[in-house]
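Nothing here was measured: the structure is a model prediction, and the numbers come from that model.
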Amino acid sequence: MSNFKTKTMKTTKLFAILFISALCFTACSEDDDHDHGDDHGDHGELPITQVIYTLTNKSNAADVVTFTFTDEDGEGGADGTATTSGALTANATYTGALQLLNMEEGDDVGADIAAEDAEDHEIFYITNVAGLMFGTTDLDADSNPLGFDTDVTAGAAGTGDLTISLVHEGKKPNNGTVADALSGEGTTDIEVAFEVTVE
Amino acid sequence: MHKLFIICVMLMCFNMLHAQKCTFSFKGNITDFHDNSSLAGASVHIVNLNKFTSSNLDGNFEFDNLCSGVITLEIKHLACETQKITFNLTKDTFKSITLEHHLEELAEILVKADNKTEATSIEQTLSKKEVEAYADKSLGDALKSLSGVSSLNTGNSIVKPMIHGLHSSRLLIINNNVRQFDQEWGAEHAPNIDINAGGRIKVIKGANTLIYGSDAIGGLILIRPDNYTRKDTLFGGTSTALNTNGWGGNINSEIVKTYQSGYYAKAQASYKMFGDFEAADYNLSNSGIKSMNASGRFGYKSFEKGFDAYYSYVNNTIGIIRAAHVGNVNDLIRAINRKEPSFIDDFSYAIDNPKQAISHHLGKIEAYKRFKGLGKLTLQYDFQVNRRKEFDRRRASFEDAPAADFRLFTTSIQPNLKIDAVDNFVLNTGFLLRYQQNDSANESVTRISIPLIPDYDKYEAGIYTTGNYKLNLNTTISGGFRYDFSRIEAEKKYKVFDWEENNYDELFPEFSSGVIDNFEIYTSPKFNFHNISASLGLTSSFGNNFDFLFNYGLASRMPNASELFSNGLHHSAARIETGSLLLNKEIANKFVTSIERNNQNFGFSISPYYNHIKDFIQLIPAGEALTTIRGAFIEWKYNQVDAQIFGVDIDINNKLSDKFMYKGSLSLLRGDNLTEDTALINMPSTNFSNSIVYNNKKLNQLSIGITQYTELKQNRFPDYNFFTFNPILQEDVYVDISSAPSAFTLFHFNSSANFKISSTSSLNVAFNVENLFNISYRNYLNRLRYFADEVGRNFNIKLKFNY
């Protein structure tokens, strides 16, 4: 009996040694080098530094209004600035196109999102100008609205704000409001506000 | 005994076989190792001949009529380490023998339950057994059980210890005699230490241990290795803990081999894994943790010389609840206003973004030698490599690339001379040389084009002297002085706008390279700091186990890399944190006293303290929100104010009866921003705990206990709330980022029993319930308090098998 006990004891100690050395080996081999980007090849995620929303009058190609938000030095540093090129024509319909750009690299980040990751994104247009309506015309692969392409209808004259919001990993489909899109795990990747005038 | 007998028999045989002449004399003289004074009355025993004598007043002894052959001598003296000498007697012989009779010195090589770091230090200890109760938790969780120690958490797995309201760079964590450098500046960077690797843990609530550094404004945490006896044995232990909350646990195994000769070796490894933890009412999605740790140690110890080599590796992957990633201030407001996290999923072991993946290597080698009539010289070399990768939620194709990636390398060399030749007086003196390098991955890997912490080189040199003088049997005084020089040389890019907005272009033109590339300017800030620190201590013992202790410490700390240079976005609180090149060093004057009664039946300690910190560096919201393409962010800036923190820690233990034991503790603290006449941010609120434990030594050492822990609401917080425009709601909204959550009370249940398996092995079984009543609560000192509750009830089973 005592012989048996000594034996089990030795076995447990042996197991302890095995466990420890096994962990040591797996642990130590896992440490990788400090990758300085070279093995990643191309760029990491480029920050969006410019939002351009271009509205073109469907019946008058010369009537173009652009909303531009530029934060050339990225998050932090100087504040971004929002500009509106002019007024929308009352009771006109426009085709809207949204571009999300990285100005430094001249990269069209919006195009990458639309091509690779549309299902995880949705763009919302919110305004407090009565009669001004935004309708999304593009769809992601799941046939849910995406929002890079829009149809815009201007109503009566008025002044107010236009907010463009890009929700990442939000609820899709949703009831069309930012609040619903953000009710799950969604987060805001873009939120920029412009002055808008209809006359 | 057997071996001794066999040796005796063999020696006798040997002697008889050779029938030598037996006319030799063996004389000797015994002196004290420290001051060369003669030791009278030492018993001298020739073991193999069974002859006894003792030394006379001059320390001399003599044996006559000895035969030639091997002599095994054993010398004993009251309160001395017994010495054994073996030699071959071939002629008349004289030997000088030195013995060590300084008890405190012996404590280092013999095994003593507990001895203080310094006679006068005000400290609290967690024994190895108490530490084991937290085997599947973190260092911060274990320390929090001590009065005056709280923690600053990010979720429930990232736990930063806090002593008297101070954390991060203001605490020195000494891991196996090596000062831990693991990017400790960040509030969401917990110490990368496997709690299972060390032995007992001490918390020193003053700046009085100058040997380790001059910047312990809050205090010190010492993780001490186990001490082994000198005998031939192999032992170890394997323990495992299983939890229902998080459906995980850990397994830890260690094995120790010691030799009579003084050599020893230890290997230890542990693995911990938890899935999503659960709050009282919902799942905390993506809060799991995986941790893999291993350590090894070998060395040799004797009274005169020895060495110790230690290596440890820690690898943690820690999930941060997914709901805590917010895009901007408006997301943050939504998170604050909703009662539950925005994202709750089913239980999972997967750790998704956001997460932290950290590895830490620590190696050291230490050697010592004692010199007669002088003291002990110790030389230590150590190095550490800390690699931290933080992963954020981002577009799918970039999820695998870290958003932040730093590697911190630290190495130091530290000789120390302890002079103890003079009675009642111990002097420690030494110096330190340290080099540290931070390497931040560049922008093509991480998203932010300017790393939060820049590349830098840091050089440190320090020199110190501390002394302890025993005035009389009951009173010891101590004092110390330390000077440190530090130089930091950084390579950092600034946004031109920030560089100019802060007037750095006029204040620090010498740092600028003049090279501007795409809104960014290349700079190389260099700073020198001279730090002076000093300490005074007194301990006095009165009758009836009463002690009085007093500590005064002057500490100064240079701003850390984060405070100087940090510049970037933290998604967990929609904030941009900005450092300042204008920061000076912090200078703290801390007074701590303690009135203690160390007694099993009724003991207590009452320890009031006052800490005045000049140029206290704090990170606070700078007011208005910043406009970015992502929306509004709160800018948090480092600034400096004069501050005071004072309070009292009270501990009581009372034996209610033979089997029932009561323990209670209370911590009161108040932190003031004296410059702005307001409260300091992130100060722990009043908390107290009471526990009653039933112990039955006869019944398998059965122990059953219940603990109550209450934390009151922190009513003293600075109000940095503000209004911001929400463009979606088209209105101004109130951002309440300052208010503290309500008070809470938790109950915990503990039980354990010991079962003997054989003469050398035993099994300890423990069953515990944490948060017995599944209380849902939030904690002011949790950075994720805006997003989710703390963890709910947990059933825990621990098995520990000693062999």
Side-chain angles (χ1 to χ4, degrees), chain A residues 5 9 12-13 15-17 19-24 26-28 30-31 34-37 40 42-45 47-51 69 71-80 104 113 116-117 120 126 128 160-161 163 165 168-169 178-179 182-193, chain B residues 234 236 238 253-255 267-269 271 292 294 313 315 322-323 325-328 330-331 334 342-343 359 387 393-398 401 407 439 441-447 449 495-498 518-520 567-569 576 626-631 633 727-728 730 758 760-761 801 803:
Chain A
K5 265 188 182 159
M9 218 70 304
T12 30
K13 280 170 185 170
F15 272 123
I17 293 171
F19 169 70
I20 292 165
S21 40
L23 255 186
C24 288
T26 38
C28 298
E30 208 180 83
D31 193 50
H34 201 40
D35 31 17
H36 263 264
H40 280 260
D42 63 341
H43 287 283
E45 187 181 15
I48 298 162
T49 56
Q50 192 170 45
V51 177
F69 186 94
D71 189 3
E72 231 174 325
D73 68 355
E75 292 147 3
D79 269 359
E104 182 187 353
I113 292 174
E116 295 161 13
D117 209 6
D120 278 339
I126 306 123
N128 54 354
D161 293 301
T163 302
S165 174
H168 181 212
E169 294 182 329
V178 178
L182 285 170
S183 62
E185 59 171 326
T187 60
T188 308
D189 265 13
I190 289 177
E191 188 180 277
V192 291
Chain B
L234 174 71
T238 294
S253 214
E254 65 176 57
I255 193 147
Q268 175 265 345
Y271 184 74
M292 192 157 39
Y313 174 73
N315 188 323
R322 211 156 161 80
H325 175 105
V326 293
N328 59 23
N330 290 315
D331 283 0
R334 263 190 296 278
S342 59
F343 178 69
S359 63
R387 178 83 181 270
R393 282 178 62 184
R394 45 210 292 199
R395 293 206 297 277
S397 42
F398 304 103
R407 185 181 60 193
D439 184 2
N442 67 10
E443 63 249 49
S444 56
V445 179
T446 63
R447 173 174 53 196
S449 60
K495 297 210 162 141
V496 177
F497 179 87
D498 291 332
N518 191 43
F519 307 100
E520 287 165 356
N567 187 318
L569 199 129
I576 290 175
L626 293 179
T627 312
T628 76
I629 218 151
R630 291 170 177 274
F633 281 88
I728 291 164
Q730 295 287 331
S758 73
T760 55
S761 66
F801 183 40
Y803 38 82

Residues two or more places apart in sequence or in another chain: which of them pass side chain to side chain donor-acceptor pair (under 3.5 Å) with B:Asn330?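 Testing B:Asn330 for side chain to side chain donor-acceptor pair (under 3.5 Å), a comparison that skips the adjacent residues, returns A:Glu191, B:Asn726.
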
Side chain to side chain donor-acceptor pair (under 3.5 Å) partners for A:Glu116, two or more places apart: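 So A:Glu116 forms no side chain to side chain donor-acceptor pair (under 3.5 Å) with any residue.
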
Report the distance from atom OG1 of B:Thr628 to atom CG of B:Asn328, rounding to the nearest 0.5 Å.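 Answer rounded to 0.5 Å: 7.0 Å.
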
First locate atom CD1 of A:Ile126, then atom OG of A:Ser165, and finally report the distance between them rounded to the nearest 0.5 Å.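 Atom-to-atom, A:Ile126:CD1 and A:Ser165:OG are 5.5 Å apart.
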
Between A:Val51 and chain B, with a heavy-atom cut-off of 4.5 Å, which part of the residue counts as in contact: side chain, backbone, both or neither?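 Both the backbone and the side chain of A:Val51 come within 4.5 Å of chain B.
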
Side chain, backbone, both or neither: which part of A:Asp189 has a non-hydrogen atom closer than 4.5 Å to chain B?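 Both backbone and side chain of A:Asp189 come within 4.5 Å of chain B.
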
So which of A:Leu182, A:Thr49, A:Val178, A:Val192 has the largest heavy-atom pair count under 4.5 angstrom toward chain B?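 Of the candidates given, the most pairs with chain B belong to A:Leu182.
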
So which of A:Gly80, A:Gly74, A:Gly160, A:Gly184 has the biggest tally of heavy-atom pairs under 4.5 Å with chain B?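 The candidate making the most pairs under 4.5 Å is A:Gly184.
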
Contacting region of B:Leu626 [heavy-atom separation from chain A under 4.5 Å]: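 B:Leu626 touches chain A through backbone and side-chain heavy atoms alike.
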
Leading residue by heavy atom contact count with chain A [cutoff under 4.5 Å; candidates B:Val496, B:Asp498, B:Ile576]: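 Sorted descending by pairs with chain A, the first entry is B:Asp498.
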
Hey, does B:Gln730 have a side-chain heavy atom less than 4.5 Å from the side chain of A:Thr163?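 Touching, per the 4.5 Å side-chain cut-off.
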
